[in-house]
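Below you'll find the structure, written out as structure tokens, and then a few comments.
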Protein chains: 2
Amino acid sequence: MQGREDNQDREERKKEGINQKRKTPKLRDKQGLTEEEFLAAYQPGDYVRPSVATDMVIFTITEQEEKNYRKLSEKNLSVLLIERGIHPYLNCWALPGGFICPNETAEQAARRELQEETGLSHVYMEQLYTFTDPKRDPRTWVMSCSYMALIDCRKVRLQAGDDAANVQWFHASYRLLNERKEYHHTEDGRGIKEIILIQEYELLLSPDKIEHPALDSLMLDTTKQDKLILRAILQKTITKTEEMESVEYQLLENYGLAFDHAKIIAYAIERLRRKVEYTGLALHLMPTEFTLTQLQQAYEVILGKTLLKPAFRRKISELVEETEHYTEKEGHRPSRLFRRKWEKQI
Amino acid sequence: MQGREDNQDREERKKEGINQKRKTPKLRDKQGLTEEEFLAAYQPGDYVRPSVATDMVIFTITEQEEKNYRKLSEKNLSVLLIERGIHPYLNCWALPGGFICPNETAEQAARRELQEETGLSHVYMEQLYTFTDPKRDPRTWVMSCSYMALIDCRKVRLQAGDDAANVQWFHASYRLLNERKEYHHTEDGRGIKEIILIQEYELLLSPDKIEHPALDSLMLDTTKQDKLILRAILQKTITKTEEMESVEYQLLENYGLAFDHAKIIAYAIERLRRKVEYTGLALHLMPTEFTLTQLQQAYEVILGKTLLKPAFRRKISELVEETEHYTEKEGHRPSRLFRRKWEKQI
DNA sequence: ATAATAGTGTCTCTGAGACAATATACT
DNA sequence: AGTATATTGTCTCAGAGACACTATTAT
């Protein structure tokens with residue numbers, strides 16, 4: 001029953017509370033109850049509560065096979081999506097996720113989901129944002145506590161979930177299409193009251209070519225696959241006044257993506273781009289041993305711009321350490337393999 | 001009733017969904033239903049849902065009166081707390097906050113709460129983190145979607161809430177007491193499997209001296225006030241392995257603060273310290289016109305260290321602009337007043 | 001006059017940006 | 001041999017840190 005919890009759970013809560021040293025337990029409230037008595041008598045109110053789900057934006061770097069044996073393969077920033085087998089948004093693609101159970105934290109729920117979908121458990125993960133628009137789910141009131149995970153897709157065996165839906169990496173492209181500014185002047189016309197910056201971003205998600213053996217079993221129809229491009233237009237409105245500033249996202253168009261997941265993905269990409277600049281976040285996308293050029297390519301696909309090699313190497317030099325291994329059979333000079341210098345970074 | 005919603009709400013949801021261009025509505029699922037039919041027949045499941053509240057960490061800069069007329073007043077970073085008049089945590093101090101209603105977003109709920117408590121509506125606010133430990137509230141399953149707000153306390157008329165509890169600014173001090181590292185080696189003893197960094201932080205909250213006229217009406221007993229110092233010891237555990245890293249907070253001691261609010265405040269202070277370094281966030285704590293020294297003091301109390309004047313002025317020069325006003329009767333050379341250059345920062 | 005802060009000048013050092021030059025395996 | 005990438009070197013310029021010096025008011 002909604003809001004009802006078993007006695008064991010109640011007992012545990014009480015212990016938790018009492019274990020924290022505090023003065024409250026002996027105090028009596030206006031009804032003359034101690035905290036212990038209050039909690040024993042407590043009945044959760046019968047008002048409406050939201051469902052709370054976690055949605056995960058799982059990033060990885062995928063690569064496309066090159067025809068020229070000498071050239072390096074082109075890299076992409078990719079996101080894992082699942083095709084929905086049920087209403088609402090039937091046959092649309094959605095982020096992996098699920099409802100949070102009463103005995104777990106949101107992070108535990110997210111890790112459980114990640115494990116089910118990819119088989120991975122020890123990966124980098126961080127909480128992104130909690131989306132609470134009451135109309136974001138057409139069924140009922142559902143909040144989404146979103147997470148971002150960074151993984152190396154080579155470690156993954158993709159598994160279609162119980163609901164027999166497809167799972168697929170989608171190459172993500174997120175770019176600014178246009179922007180405009182509005183200046184709202186004060187009544188006397190002498191100052192500025194408010195500035196609004198309106199930007200339109202395009203989010204494109206196209207299925208990655210299947211090169212991984214584990215994906216063959218999914219038997220996706222390749223001809224159909226080429227036409228499948230998910231597309232969303234997001235309007236980002238930044239409002240500034242002297243006192244405050246606020247950012248708001250709106251979905252102007254949305255083709256093939258479920259719920260507000262285009263918003264969540266856009267938010268994740270923005271966060272990733274920002275954090276990559278000042279942390280070693282991108283290293284979580286790499287295999288154990290990698291070349292510096294591979295790492296630079298990862299940075300480049302995330303930031304959407306090319307970087308100068310010497311500057312890049314200087315910047316990340318404290319984050320990596322040399323191994324004694326080199327690449328082989330690459331059609332050009334072999335390059336040294338590096339690994340994460342994770343021990344030092346604490 | 002739990003999970004039940006009225007028809008009007010159902011209608012609105014349906015429209016929202018349909019307004020988004022998508023292919024789903026015509027599709028039929030395995031039961032042969034279109035999305036419209038599915039939603040019309042949809043009954044929310046009768047499983048347990050969490051309550052979701054917002055908690056707000058409202059920061060401001062308060063100042064203590066100096067005896068020496070020449071010296072500048074000492075500044076503090078302060079947080080607004082409310083004394084609880086009911087169980088649980090009766091007579092403990094808590095962050096302002098409340099439950100989210102089904103017709104509003106978390107941010108709207110937070111702004112509503114801020115308005116009730118301080119009378120302010122247009123202030124800087126950002127979502128912090130969603131705390132989901134199922135045992136964080138001894139009553140029942142309650143998640144907290146936390147927000148941080150930055151305000152100028154001179155604009156505030158503090159109002160005791162309906163539950164007749166006290167409202168008070170608390171000077172916040174948050175500092176590292178000690179840290180230790182543990183290295184867990186691999187079985188063969190040749191490498192490192194895991195590094196754990198354990199830090200203990202002390203969070204102290206002491207009531208600010210009442211200097212604001214609006215606070216006089218609260219008639220706090222000053223002798224009692226001096227003894228009232230809230231104190232929490234937080235243990236921050238950072239676990240690193242080659243693949244992942246995770247951060248966990250634990251409350252080792254907690255005197256006088258309700259729930260896990262010490263964790264939320266600590267998280268907010270850490271976020272504020274980080275963001276102040278690379279944004280103009282601190283400007284939201286200032287009055288409309290301020291001296292550069294005042295602004296520097298705000299930075300200093302947030303970061304907990306002194307800054308060099310010329311370097312500081314260079315760094316924030318793009319964020320502020322001159323006015324024609326000067327301070328007066330200060331016992332030393334008057335200083336120019338500046339204001340936020342908010343129009344340019346977009 | 002003096003205490004205390006306001007405001008500016010400048011020297012040094014570091015780090016990022018930009019371009020150049022050399023090295024090397026694989027077909 | 002030729003190609004494409006690997007790797008290192010260095011010049012310049014901007015910005016942060018550090019210290020010093022001058023200016024100005026109320027008591």
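In what follows, every heavy atom counts, from backbone to side chain, and hydrogens, waters and symmetry copies are set aside. Lettering of chains follows the sequences in order, A, B, ..., and the numbering in each one begins at 1.
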Spacing of A/K71 atom NZ relative to D/dT3 atom C1', expressed in whole Å
11 Å
Among all residues two or more places apart in sequence or in another chain, which pass the ring-ring contact (aromatic ring centres under 6.0 Å, His included) test with A/F170?
A/W93
d(OH, A/Y326; P, D/dT5) in whole Å:
19 Å
Gap between atom CG of B/N76 and atom CG of B/D208 - 0.5 Å precision
5.5 Å
Between atom CD in B/E277 and atom C1' in D/dG17, what is the gap in whole Å?
14 Å
Not counting sequence neighbours, which residues clear salt bridge (charged side-chain N to carboxylate O under 4.0 Å, His left out) with B/E289? List them please.
none
Of the residues in residues 286-294 of chain B, which ones touch DNA chain D at a heavy-atom distance under 4.0 Å?
none
Which part of the nucleic acid, if any, lies within contact of B/R336, taking any heavy atom under 4.0 Å across all strands shown: a base, the sugar-phosphate backbone alone, or nothing?
sugar-phosphate
Taking CZ from B/F312 and P from D/dG15, how many angstroms apart are they, rounded to a whole number?
18 Å
A/T62 side chain to A/S78 side chain, donor-acceptor N/O pair below 3.5 angstrom
yes
May I ask you to check whether B/K315 and B/S317 show a side-chain donor-acceptor distance below 3.5 Å?
no
Expected string for nucleotides 19-27 of chain D under the B/S/- scheme (protein heavy atoms, under 4.0 Å, primed atoms plus P, OP1, OP2 as sugar-phosphate) is B---BBBBS
Integer-rounded Å distance: D/dA6 C1' and A/I316 CD1
14 Å
Could you tell me from which nucleotide to which nucleotide of DNA chain C, 5' to 3', there is an atom under 4.0 Å from chain B heavy atoms?
C/dT2 to C/dT10
Please state how far atom CD in B/E318 lies from atom C1' in D/dG15, giving the value in whole angstrom units.
11 Å
Counting N and O atoms only, with roles assigned by atom type, does the side chain of B/R154 sit under 3.5 Å from a partner on the main chain of B/P287, one being a donor and the other an acceptor?
no
Write down the distance between CG (A/L307) and C1' (D/dT5), rounded to a whole number of angstrom.
17 Å
Quick one: list whatever passes ring-ring contact (aromatic ring centres under 6.0 Å, His included) with B/F312, sequence neighbours left out.
B/Y299
Tell me, with the steps shown, if B/E126 and B/K275 meet salt bridge (charged side-chain N to carboxylate O under 4.0 Å, His left out).
CA-CA 12 Å; B/E126 66 172 77; B/K275 278 194 102 165; 3.0 Å; yes
With A/F290 via ring-ring contact (aromatic ring centres under 6.0 Å, His included) - residues at least two apart:
none
Taking side-chain hydrogen bond (donor to acceptor under 3.5 Å, both in side chains) as the test, write out the residues that go with A/E330, two or more places apart.
none
Considering residues at least two apart in sequence or located in another chain, which fulfil the side-chain contact (heavy atoms from CB on, under 4.5 Å) criterion with B/E66?
B/K71, B/E74
Rounded to whole angstroms, how far apart are CD on B/Q296 and P on D/dA16?
14 Å
By salt bridge (charged side-chain N to carboxylate O under 4.0 Å, His left out), A/K236 pairs with (sequence neighbours left out) A/E270
Is atom NE2 of A/H122 surrounded by more than 12 heavy atoms (other residues, nucleotides or ligands) closer than 6.0 Å?
no
Among the candidates D/dA4, D/dT8, D/dA18, find the nucleotide nearest to the side-chain atoms of A/R313.
D/dT8
B/H284 meets the ring-ring contact (aromatic ring centres under 6.0 Å, His included) criterion, sequence neighbours left out, with B/Y124
One would report the end-axis bend of the helix from C/dA1-D/dT27 to C/dT27-D/dA1, five pairs per end and rounded to 10 degrees, as 0°
